[in-house]
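For reference, the structure discussed in these notes is given below.
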Amino acid sequence: MNKILIIVSCCIAIGCSSVPKLSRTDKPVTAADDLWSTGNIAAFEKKLEELRNHYHIPSIAIGIVNEKKLVVRGGLGFADIKKQIKPDENTVYHLASITKTFGSIILMQLVEQGKLSLDDPIETYGINLGGRWGSDPRIKVKHLLTHTASGNWLNGFKPGYKFRYNGDWYGRLGKVIEKASGESFGELVMKNIITPLGMINTVPSTDDSVNFKLTGYNKDSFLTKVAPPYNWQGKQIAPIQMKYGFSPAAGIMSSVADLAKYSIAIDEGKFLKPGTWENVFTPYVTPKGKTIQYGLGWFVKDYKGLKIIWHTGWWYGYSTLLIKIPQKDLSFIILANSQDLSRPFYLTHYPVPLPDPFSKSLGKELLVSDFASLFIQYFVME
């Protein structure tokens, strides 16, 4: 299938950087709304395909969840260019940093069980961050979870005061999970999330033999479902070779259909107590009272009265985006087998890889992403 079933145009021409104005209503979307019309679907698909081609993405698989159903599903392009295999909702991609949302759930389950505290110093778990940080007792588990561990030279590198995204440090939470529970992150994520939800196409990285073995799957057979990675280089889309690790920071592989199950389970309040979910989806506040754009394992921001929760993924060969808008009862899933679903919106002068901390980027603002803006415009606007 190379079409989107039920889908959604954007006022943007390709390359337009304007941000759509958000609806001020929190009225949930329902199956009766006209945004599901054939015209809207066709217009969205057309613009989505233009974006895919503009950013040289081999394939994208997408899904939209509403009323606890995957109401939009499908894919565009070729998941495997050589074999001319088209993507759909069951095509498997590396999630990259969307894995962090799974890591957050497992960690917070252990907090609920009283096996650890977010205020535990990282030294309790044998974590050494190196450099000037080391195992500084001021650095707590919560600082790794919220990307606020590093501080800066102006405040003597005291943690908790500044958001500096650090996937490597987030991955160290695997040590916290293992020491607190006696089980690995892989064992717990399989037992507590993936298996109970019947996420049959969701696994730890196939390159991590120990954790992939937990699935009981045959690796060669599973790889037939996976969209191979590519990169735009030398003015062409080229296949790449890459080994992908696995930790609470990155490494889960999944599909749109499985992520829809995951998103619906979150909407239903599974995995954690209501109060814990509220904490997860509350932006972290620094000791000086500054609210950052990250909660406990998720980006969280209020846009004109609408709370939008999301996480991106960006890895060499793959990029992903998962957006949740609880007040509208909507979730958007989009997976790609190149960097360029995410890379252009993190970098100042695409395609030169030089992040500018003073510019708008997807690490600060969701709506700088053309793909996110497309979804917002057609499903969230009045």
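For reference, positions follow the sequence shown, starting with 1. Because only heavy atoms are used, hydrogens play no part in the values below, and waters and symmetry mates are left out as well, while side chains stay in.
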State, yes or no, whether a side-chain contact exists between [X] and [Y] at a heavy-atom distance under 4.5 Å.
{"X": "Ile309", "Y": "Ile323", "answer": "no"}
{"X": "Trp298", "Y": "Trp310", "answer": "no"}
{"X": "Thr286", "Y": "Phe163", "answer": "no"}

Hey, does the side chain of [X] reach the backbone of [Y] with a donor-acceptor pair shorter than 3.5 angstrom?
{"X": "Gln327", "Y": "Pro28", "value": "no"}
{"X": "Thr195", "Y": "Met190", "value": "yes"}
{"X": "Lys140", "Y": "Pro137", "value": "yes"}
{"X": "Tyr284", "Y": "Gly160", "value": "yes"}
{"X": "Tyr303", "Y": "Leu366", "value": "yes"}
{"X": "Asp340", "Y": "His56", "value": "no"}
{"X": "Asp88", "Y": "Thr91", "value": "yes"}
{"X": "Arg343", "Y": "Ser338", "value": "no"}
{"X": "Arg52", "Y": "Ile57", "value": "yes"}
{"X": "Thr320", "Y": "Leu95", "value": "yes"}

For [range], which residue pairs qualify under salt bridge (charged side-chain N to carboxylate O under 4.0 Å, His left out), counting only residues two or more places apart or in two chains?
{"range": "residues 118-129", "value": "Asp119-Lys142"}
{"range": "residues 263-282", "value": "Lys68-Glu268, Asp267-Lys324, Glu268-Lys270"}
{"range": "residues 282-303", "value": "Lys301-Glu365"}

Q: State which residues pass salt bridge (charged side-chain N to carboxylate O under 4.0 Å, His left out) with Arg132; sequence neighbours excluded, sorted by chain then number.
A: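 Checked Arg132 against salt bridge (charged side-chain N to carboxylate O under 4.0 Å, His left out); zero matches.
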
Q | Any residue meeting salt bridge (charged side-chain N to carboxylate O under 4.0 Å, His left out) with Asp329, in chain and number order, not counting sequence neighbours | A |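 Salt bridge (charged side-chain N to carboxylate O under 4.0 Å, His left out) list for Asp329, sorted by chain: empty.
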
Check: [X] ring centroid to [Y] ring centroid under 6.0 Å:
{"X": "Trp153", "Y": "Phe157", "value": "no"}
{"X": "Tyr170", "Y": "His143", "value": "no"}
{"X": "Phe345", "Y": "Tyr55", "value": "yes"}

Q: For Phe299 and His147, run ring-ring contact (aromatic ring centres under 6.0 Å, His included): C-alpha distance rounded to whole Å, both residues' side-chain angles, the deciding distance at 0.1 Å, then the answer.
A: CA-CA 11 Å; Phe299 287 91; His147 300 284; 7.5 Å; no

How many angstroms lie between atom [atom1] of [X] and atom [atom2] of [Y], to the nearest 0.5 angstrom?
{"X": "Phe371", "Y": "Leu341", "atom1": "CZ", "atom2": "CG", "result": "5.0 Å"}
{"X": "Ile334", "Y": "Phe375", "atom1": "CD1", "atom2": "CZ", "result": "11.0 Å"}
{"X": "Ser184", "Y": "Leu214", "atom1": "OG", "atom2": "CG", "result": "6.0 Å"}
{"X": "Ile200", "Y": "Ile194", "atom1": "CD1", "atom2": "CD1", "result": "12.5 Å"}
{"X": "Ile105", "Y": "Phe102", "atom1": "CD1", "atom2": "CZ", "result": "7.0 Å"}
{"X": "Ile98", "Y": "Leu259", "atom1": "CD1", "atom2": "CG", "result": "6.0 Å"}

What is the minimum heavy-atom distance between [X] and [Y], and which atoms define it?
{"X": "Asn66", "Y": "Ala31", "answer": "OD1-N, 4.0 Å"}
{"X": "Ile237", "Y": "Pro58", "answer": "CG2-CG, 3.7 Å"}
{"X": "Ile64", "Y": "Phe332", "answer": "CG1-CD1, 3.7 Å"}
{"X": "Lys243", "Y": "Asp207", "answer": "CA-OD2, 3.4 Å"}
{"X": "Pro283", "Y": "Thr291", "answer": "CB-CG2, 3.4 Å"}
{"X": "Asn40", "Y": "Asp34", "answer": "ND2-O, 4.1 Å"}

Q. Which pairs count as ring pair (Phe, Tyr, Trp, His ring centres under 6.0 Å) when at least one residue sits in residues 239-260, sequence neighbours excluded?
A.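 Matches after skipping sequence neighbours: His94-Tyr244, Phe185-Phe246, Tyr244-Trp315, Tyr244-Tyr318.
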
Q: I would like to know whether Glu112 and Thr276 meet side chain to side chain donor-acceptor pair (under 3.5 Å); could you show each step before the answer?
A: CA-CA 8 Å; Glu112 287 186 344; Thr276 304; 2.6 Å; yes

Q: Mind checking side-chain contact (heavy atoms from CB on, under 4.5 Å) for Asp33 and listing every partner two or more places apart, or none if nothing turns up?
A: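 If we apply the side-chain contact (heavy atoms from CB on, under 4.5 Å) test to Asp33, skipping adjacent residues, the hits are Val29, Thr30, Leu35, Trp36.
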
Q: Sequence neighbours left out, what passes side-chain contact (heavy atoms from CB on, under 4.5 Å) with Lys158? Give chain and number order.
A: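 Once residues adjacent in sequence are excluded, the partners of Lys158 under the side-chain contact (heavy atoms from CB on, under 4.5 Å) criterion are Arg138, Asn155, Tyr161.
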
Q: In sequence, state the C-alpha distance, the side-chain angles, and the governing distance for Tyr230 and Ser59, and then conclude on side chain to side chain donor-acceptor pair (under 3.5 Å).
A: CA-CA 10 Å; Tyr230 296 87; Ser59 76; over 6 Å; no

Which donor-acceptor pairs under 3.5 Å do side chains of residues 75-84 form with protein atoms, sequence neighbours excluded?
residue : atom : partner : partner atom : Å
Asp80   : OD1  : Lys82   : N            : 3.2
Asp80   : OD1  : Lys83   : N            : 3.0
Gln84   : NE2  : Ile81   : O            : 2.8

**Q.** side-chain hydrogen bond (donor to acceptor under 3.5 Å, both in side chains) contacts touching residues 95-105 (sequence neighbours left out)
**A.**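 Non-adjacent pairs meeting side-chain hydrogen bond (donor to acceptor under 3.5 Å, both in side chains): Ser97-Lys100, Ser97-Tyr165, Lys100-Tyr165, Thr101-Tyr262.
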
Q.
Going by side-chain hydrogen bond (donor to acceptor under 3.5 Å, both in side chains), name the pairs with one or both residues in residues 211-221, residues two or more places apart or in two chains.
A.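 Matches after skipping sequence neighbours: Asp208-Asn211.
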
(Q) Just by distance, no angles: are the side chains of Asn201 and Lys225 close enough, under 3.5 Å, to form a donor-acceptor pair? (A)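 Their side chains do contain a donor-acceptor pair, which is all the 3.5 Å distance test asks for.
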
Q. Do you see a donor-acceptor pair shorter than 3.5 Å between the side chains of Asn90 and Ser255?
A.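 Judged by distance alone, the side chains do not pair up.
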
Side-chain donor-acceptor pairs under 3.5 Å in residues 174-183, sequence neighbours left out?
residue : atom : partner : partner atom : Å
Lys175  : NZ   : Gly126  : O            : 3.4
Lys179  : NZ   : Thr124  : O            : 2.7
Ser181  : OG   : Ile177  : O            : 2.6
Ser181  : OG   : Glu183  : N            : 3.0
Ser181  : OG   : Glu183  : O            : 3.0
Glu183  : OE1  : Lys191  : NZ           : 3.0
Glu183  : OE2  : Lys191  : NZ           : 3.1

